[in-house]
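Only one structure is covered here, and it is reproduced in the block below.
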Protein chains: 2
Amino acid sequence: MHHTQLLEDLRRRGYRLTPQREAVLEILATSAGHISADEIIARVRKRYPHINKSAIYRTLNLFVHLGWVNPTDLGNGCMTYEWHRDPHHHHLICHQCGKMTSIGAEVFTSVEKILRDEYGFTPCLDHFAIFGLCRECAKRKKRSRS
Amino acid sequence: MHHTQLLEDLRRRGYRLTPQREAVLEILATSAGHISADEIIARVRKRYPHINKSAIYRTLNLFVHLGWVNPTDLGNGCMTYEWHRDPHHHHLICHQCGKMTSIGAEVFTSVEKILRDEYGFTPCLDHFAIFGLCRECAKRKKRSRS
DNA sequence: TTAAGTGCAAATCATTTGCATGGAT
DNA sequence: ATCCATGCAAATGATTTGCACTTAA
């Protein structure tokens with residue numbers, strides 16, 4: 001789906017097509033991965049310096065509500081947003097060194113099946129953050145223990 | 001491990017055994033499931049009305065650091081804490097109706113294995129919140145769509 | 001005795017909100 | 001001409017912090 005179609009979709013759903021919304025859409029759709037609200041505000045303002053912070057927050061909430069954007073809590077005190085484009089994937093976050101690694105969604109297919117079949121639950125596994133220890137930090141910890 | 005042992009453990013590790021810490025420990029260890037900091041403060045104060053909010057937050061952070069308590073973000077804007085006693089389990093949270101269901105940890109054994117074997121990542125799967133749609137809300141949604 | 005811990009109030013910081021104004025339809 | 005969306009500043013609300021005082025060791 002291309003930008004212009006989405007913008008048209010906005011109008012069709014009864015929302016107004018404002019420059020602010022266009023700007024946020026443009027930034028999100030041309031940015032890869034997770035971006036914090038703060039980062040989004042910065043990038044939007046680099047091009048459109050007058051745009052207000054609240055309008056961007058409101059726009060982000062709208063896009064999330066429309067399902068165009070995934071909000072994810074990466075555990076660093078603020079929400080991050082990700083444009084719905086990349087194939088579904090999850091994140092391994094090392095809570096020692098903070099390193100983040102992406103993993104494919106296949107890892108969770110078995111879990112998804114169990115949840116559906118045994119619990120009747122339809123999980124939203126679009127944006128998942130798994131905390132733990134990365135290889136290096138696990139090694140370092142082991143070494144310091146011995 | 002019994003309370004008194006834990007309290008002894010505190011001292012052994014060089015921390016002081018204060019009435020505040022005893023109170024928080026007592027509340028946590030006798031409360032089931034996830035409790036928000038606010039709820040913990042309320043319960044502690046019901047018995048020890050003079051205890052300060054900051055001291056409780058600091059104590060919670062200490063207990064988390066000691067691994068006695070699991071902090072979990074259930075997506076409702078505040079952290080919840082859970083005493084390390086119950087067998088490991090996770091939570092299905094319906095983001096339509098908010099209902100929370102506990103599930104056993106076995107569901108994730110396959111994921112854990114893959115992460116370890118293929119990514120060298122040691123996941124901390126103690127406290128996991130999976131958002132999605134519960135059976136009832138999925139049904140309701142389906143119905144309203146048709 | 002003395003450093004660690006507490007109480008208190010003030011500070012943070014991401015996010016939201018009330019309200020007057022502006023602009024898309 | 002509507003009334004939805006924006007800008008601004010102020011509010012919120014969970015959590016943290018600076019600092020003087022207390023207390024467990």
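The basis for the numbers below is simple: all heavy atoms, side chains too, and nothing from hydrogens, waters or symmetry mates.
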Sequence neighbours left out, what pairs pass side chain to side chain donor-acceptor pair (under 3.5 Å) with at least one residue falling in residues 110-119 of chain B?
-> A:S110-B:S110, B:E112-B:R116, B:K113-B:D117
With sequence neighbours left out, the residues meeting ring-ring contact (aromatic ring centres under 6.0 Å, His included) with B:F63 are B:W68
Will you find, in the side chains of A:E26 and A:Y48, an N or O donor that is under 3.5 Å from an N or O acceptor?
-> yes
Indicate whether any N or O donor in one side chain lies under 3.5 Å from an N or O acceptor in the other, for A:T72 and A:N70.
-> no
Between B:K53 and A:H50, which has a closest nucleotide on DNA chain D that is more 5'?
-> A:H50
Earlier contact from the 5' end, DNA chain D, for B:T80 and A:L62 = A:L62
B:H65 atom NE2: more than 12 heavy-atom contacts under 6.0 Å = no
Check the surroundings of atom CZ in A:R12: do more than 12 heavy atoms from other residues, nucleotides or ligands lie under 6.0 Å from it?
-> yes
With respect to the phosphate group of [N], does any side-chain polar atom (N or O) of [X] fall under 4.0 Å of OP1 or OP2?
| X | N | value |
| --- | --- | --- |
| B:Y57 | D:dT15 | yes |
| A:N61 | C:dT16 | yes |
| A:R11 | C:dT25 | yes |

Stretch residues 38-47 of chain B: residues that reach within less than 4.0 Å of DNA chain C through a heavy atom = none
Nearest-angstrom distance from the residue atom [atom1] of [X] to [atom2] of [N]:
| X | N | atom1 | atom2 | result |
| --- | --- | --- | --- | --- |
| B:L7 | D:dA25 | CG | C1' | 16 Å |
| B:Y48 | C:dG7 | OH | P | 14 Å |
| B:D73 | D:dT15 | CG | C1' | 13 Å |
| B:N76 | D:dA14 | CG | P | 10 Å |
| A:R58 | C:dT16 | CZ | P | 10 Å |

When you get a sec, tell me which of C:dA14, C:dT6, D:dT15 is the closest nucleotide to the side chain of B:C78?
-> D:dT15
The side chain of A:I51 lies closest to which of these nucleotides: D:dT15, C:dT6, D:dG7?
-> D:dG7
The helix from C:dT12-D:dA14 to C:dT25-D:dA1: angle between its terminal axes, five pairs each, to 10°?
-> 30°
Nucleic acid contacts of residues 14-22 of chain A, taken as heavy-atom distances under 4.0 Å to DNA chain D | A:Y15, A:R16, A:T18, A:Q20, A:R21
Given 3.5 Å as the limit, does a donor-acceptor pair link the side chain of [X] with the main chain of [Y], or not?
| X | Y | result |
| --- | --- | --- |
| A:H90 | A:I130 | no |
| A:T30 | A:I27 | yes |
| B:R21 | B:R16 | yes |

Are side-chain heavy atoms of B:L28 and B:I35 found at a separation under 4.5 Å?
-> yes
Do B:S54 and B:N52 pass the side-chain hydrogen bond (donor to acceptor under 3.5 Å, both in side chains) test, and can you show the C-alpha distance, the side-chain angles, and the key distance before you say yes or no?
-> CA-CA 6 Å; B:S54 310; B:N52 185 268; 3.2 Å; yes
Pair B:F121-A:I103, side chain to side chain contact (heavy atoms under 4.5 Å, CB included): steps then yes or no = CA-CA 11 Å; B:F121 190 82; A:I103 63 172; over 6 Å; no
Taking 4.0 angstrom as the limit, do B:E136 and B:K139 come out as a salt bridge?
-> no
Can you measure from CG (A:L133) to CG (A:L92) and round to the nearest 0.5 angstrom?
-> 11.5 Å
Which residue lies more 5' along DNA chain C, comparing A:A37 with B:A55 via nearest heavy atoms | B:A55
With 3.5 Å as the limit, what N/O pairs link the protein to nucleotides 9-11 of chain C?
residue	atom	partner	partner atom	Å
C:dA9	N6	B:S54	OG	3.3

